[in-house]
Participant: 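Sharing a structure here in structure tokens format.
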Amino acid sequence: MGSVSSEDDQARFRSVVLPHLAHAYALARWLTGDRADAEDVVQEACLRAFRGIGGFSGVNARAWLLTIVRHAGYTWLGKNRSGSLVMVDDLELVERQQASAGVVSEQAPETPEAALIAKADAARLEAAIAELPVPFRETLVLRDVQGLDYREIAEVTGVPIGTVMSRLARARSRLIARLGTQAPGDAS
Amino acid sequence: MTVSPPDPRLLVHAYVDGELDPAHVLEMERQFASDPALAAERDRVEALRRAIREQLPLEAAPAGLARRIETAVGLRRDDVRTSSHPSWRALAASVVLAVFLASGATWFALRPHSADATADMIVASHVRALMAPQPFDVASSDRHTVKPWFNGRIADAPRVVDLADQGFPLVGGRVDVIGRVPVATLVYRLRQHLISLTAVPGGKTIAATPKDIGGYNLLSWSEDGTAYSAVSDLAATDLETFAKAFRAASAER
């Protein structure tokens, strides 16, 4: 492999990767929780994408790029926030065990009014989403912020559609419980 | 894979997300009618989605990030022409990404209806235009050139406004065929992104809020009996800004 990339690769990179930079940045920002770190992650992901551009199948460029961004984001989390990833594995294990034992996990006892949820402002929403464990957070962000459909999310996160759906349901239930119980004035 | 349908509380999410096939949609609607708690759950999920959409829109990537990346991967040269003229050929290569998603063997099914078919055709026209040597049949930033060009080619020449002052210069126009009807499409630009604006006289508003189709955003509205559909790889918020600018400019005239 030479160090000089072909014109074709360059053209492909420009047309396949660059149009989806806003999506790449959004996912990286929600994974890292920081704008500057997100830029580093996106840059690293784009380097990987550039090196792997020949392997792109040509079906869904956005999903392909987001898959790479997610891997780069996980690498970053492993180095800088290793706690967050370990906790998540445990948490999913616990939830699976509870589910198989028939325990109703984490279902909000409160059933807040939809109107209360609708009033949530950007800061409260952002804080509540940032608190979600990574697999729930990325699923929610890919769907509700970035607008991917279930099949695309399954492709990006490497899990079956059924898992996408249950993670999305858990993420939203947590947000609803959080936004519904905390009065707007308590946030500060 | 055939599985028994999951818990209705899970299906509420697939319902709200438009991921259910028509049979399951009907089944859910029946359950909402008979189960107020389930209907309340649906309302909460919809309220949450609306709040996120309104409060946390997708931001554009930071200024300069694309440039830093181009430099990092060795693409950036000093004689970059992209600032003044996007490279149509480079854009054209992005066509490969537009292959629409084949439906999978799950019990989810994308709901087919005619608005979707029209939306697909409009997006496909945009993609095909990107693939062509030029994304327009007439290249001009002068609306007094573009509008007469349509006369004689299609029945209703569209309203042509220049939005250069609002950041969306007109770059040309072309004739697309939607169904079997030739319609006018205006092409605008924001930075390196092209926007195709298709005017369908007597058409329906197919996506009143930005809709993602294969990675492109589609947004439509109606004016004076004509349905306008804008499609681009721009972020939804940028496309909404464009729509607002177009409607404001055409209202002044």
Side-chain angles (χ1 to χ4, degrees), chain A residues 5 10-26 29 35 39 42-43 46-47 50 56 58-64 111-122 125-126 129 143-152 161-162 165-166 168-169 172 175-176 179-180, chain B residues 3 6 9-14 17-19 37 40-41 43-53 55-62 65-66 68-70 72-75 82 87 89-97 99 101 104 106 108 110 192-193 210-212 214-215 217 233 235-236:
Chain A
S5 60
Q10 298 190 350
R12 269 165 80 78
F13 181 80
R14 271 191 211 281
S15 57
V16 167
V17 172
L18 295 183
H20 304 292
L21 222 46
H23 279 278
Y25 176 70
R29 190 164 80 72
R35 289 168 192 276
E39 291 201 39
V42 170
Q43 191 158 326
C46 285
L47 279 169
F50 185 66
F56 170 54
V59 174
N60 187 329
R62 183 177 63 178
W64 180 73
T111 51
E113 293 287 322
L116 190 57
I117 309 294
K119 276 192 295 191
D121 62 22
L125 275 170
E126 199 154 344
I129 294 171
R143 174 66 211 142
D144 288 343
V145 178
Q146 306 195 236
L148 272 66
D149 64 29
Y150 288 7
R151 202 175 287 125
E152 291 176 297
I161 285 182
M165 200 163 74
S166 68
L168 192 55
R172 286 174 175 164
L175 291 185
I176 286 168
L179 298 168
Chain B
V3 289
R9 287 182 67 95
L10 277 184
L11 283 185
V12 166
H13 297 271
D17 289 319
E19 296 265 353
E41 178 72 4
D43 292 346
R44 283 189 289 273
V45 172
E46 284 179 343
L48 177 67
R49 270 184 60 68
R50 200 161 48 243
I52 292 174
R53 193 166 61 238
Q55 302 289 333
L56 303 174
L58 191 67
E59 294 175 22
L65 179 59
R68 277 196 296 285
I69 287 166
E70 289 185 324
V73 302
L75 275 182
T82 48
S87 158
R89 290 187 183 284
L91 285 168
S94 70
V95 157
V96 284
L97 64 84
V99 176
L101 303 167
T106 65
F108 294 96
L110 299 178
Q192 294 188 51
H193 305 271
K211 182 176 174 181
D212 184 313
N217 276 312
D233 60 12

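A note on names: the letters A, B, ... follow the listed sequences, proteins ahead of strands, and every chain is numbered from 1.
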Participant: Shorter than 4.5 Å, heavy atoms on both sides: which option in A:Val17, A:Asp121, A:Leu125 has the most such pairs with chain B?
Facilitator: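 Result: the option with the highest number of such pairs is A:Leu125.
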Participant: State whether the number of non-hydrogen atoms from other residues, nucleotides or ligands found under 6.0 Å of A:Glu113 atom CD is greater than 12.
Facilitator: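 12 or below, so no.
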Participant: Relative to chain A, which segment of B:Ala60 carries a heavy atom at a distance below 4.5 Å: side chain, backbone, both, or neither?
Facilitator: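 For B:Ala60, the backbone is the part near chain A, not the side chain.
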Participant: Salt bridge check, B:Arg44 against B:Glu41: does any charged N sit closer than 4.0 Å to a carboxylate O?
Facilitator: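 Yes.
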Participant: Checking A:Leu148 against chain B: side chain, backbone, both or neither under 4.5 Å from a heavy atom?
Facilitator: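 Neither part; nothing is under 4.5 Å.
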Participant: Just so I understand: if I count every heavy-atom pair under 4.5 Å between each of B:Val45, B:Val12, B:Asn217 and chain A, which residue has the most?
Facilitator: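 Among the listed options, the one with the most contacts to chain A is B:Val45.
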Participant: Give, as side chain, backbone, both or neither, the part of B:Asp43 having an atom under 4.5 angstrom from any heavy atom of chain A.
Facilitator: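 It is both, since atoms from each part get that close.
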Participant: Looking only at heavy atoms and a cut-off of under 4.5 Å, which of B:Gln55, B:Glu46, B:Arg53, B:Arg50 has the most pairs with chain A?
Facilitator: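 Option with the top pair count is B:Gln55.
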Participant: Quick check: closest heavy atoms across B:Asp233 and A:Pro19, and the distance to 0.1 Å?
Facilitator: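 The pair with the smallest heavy-atom distance is OD2-CB, 3.5 Å.
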Participant: How close do A:Cys46 and B:Val73 get, counting heavy atoms only, and between which atoms?
Facilitator: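 Taking A:Cys46 first and B:Val73 second, the nearest heavy atoms are O-CG1, 4.2 Å.
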Participant: Check each atom of A:Arg143 against the heavy atoms of chain B and say whether the ones under 4.5 Å are side chain, backbone, both or neither.
Facilitator: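 Both backbone and side chain.
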Participant: Go through the structure and list residues passing side-chain contact (heavy atoms from CB on, under 4.5 Å) with A:Ala118, not counting sequence neighbours.
Facilitator: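 Once residues adjacent in sequence are excluded, the partners of A:Ala118 under the side-chain contact (heavy atoms from CB on, under 4.5 Å) criterion are B:Ala47.
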Participant: Applying salt bridge (Lys or Arg N to Asp or Glu O under 4.0 Å), can you list everything that pairs with B:Arg68, at least two apart in sequence or on another chain?
Facilitator: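 So B:Arg68 forms a salt bridge (Lys or Arg N to Asp or Glu O under 4.0 Å) with A:Glu39.
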Participant: Give, as side chain, backbone, both or neither, the part of A:Leu18 having an atom under 4.5 angstrom from any heavy atom of chain B.
Facilitator: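 For A:Leu18, the contact with chain B is made by the side chain alone.
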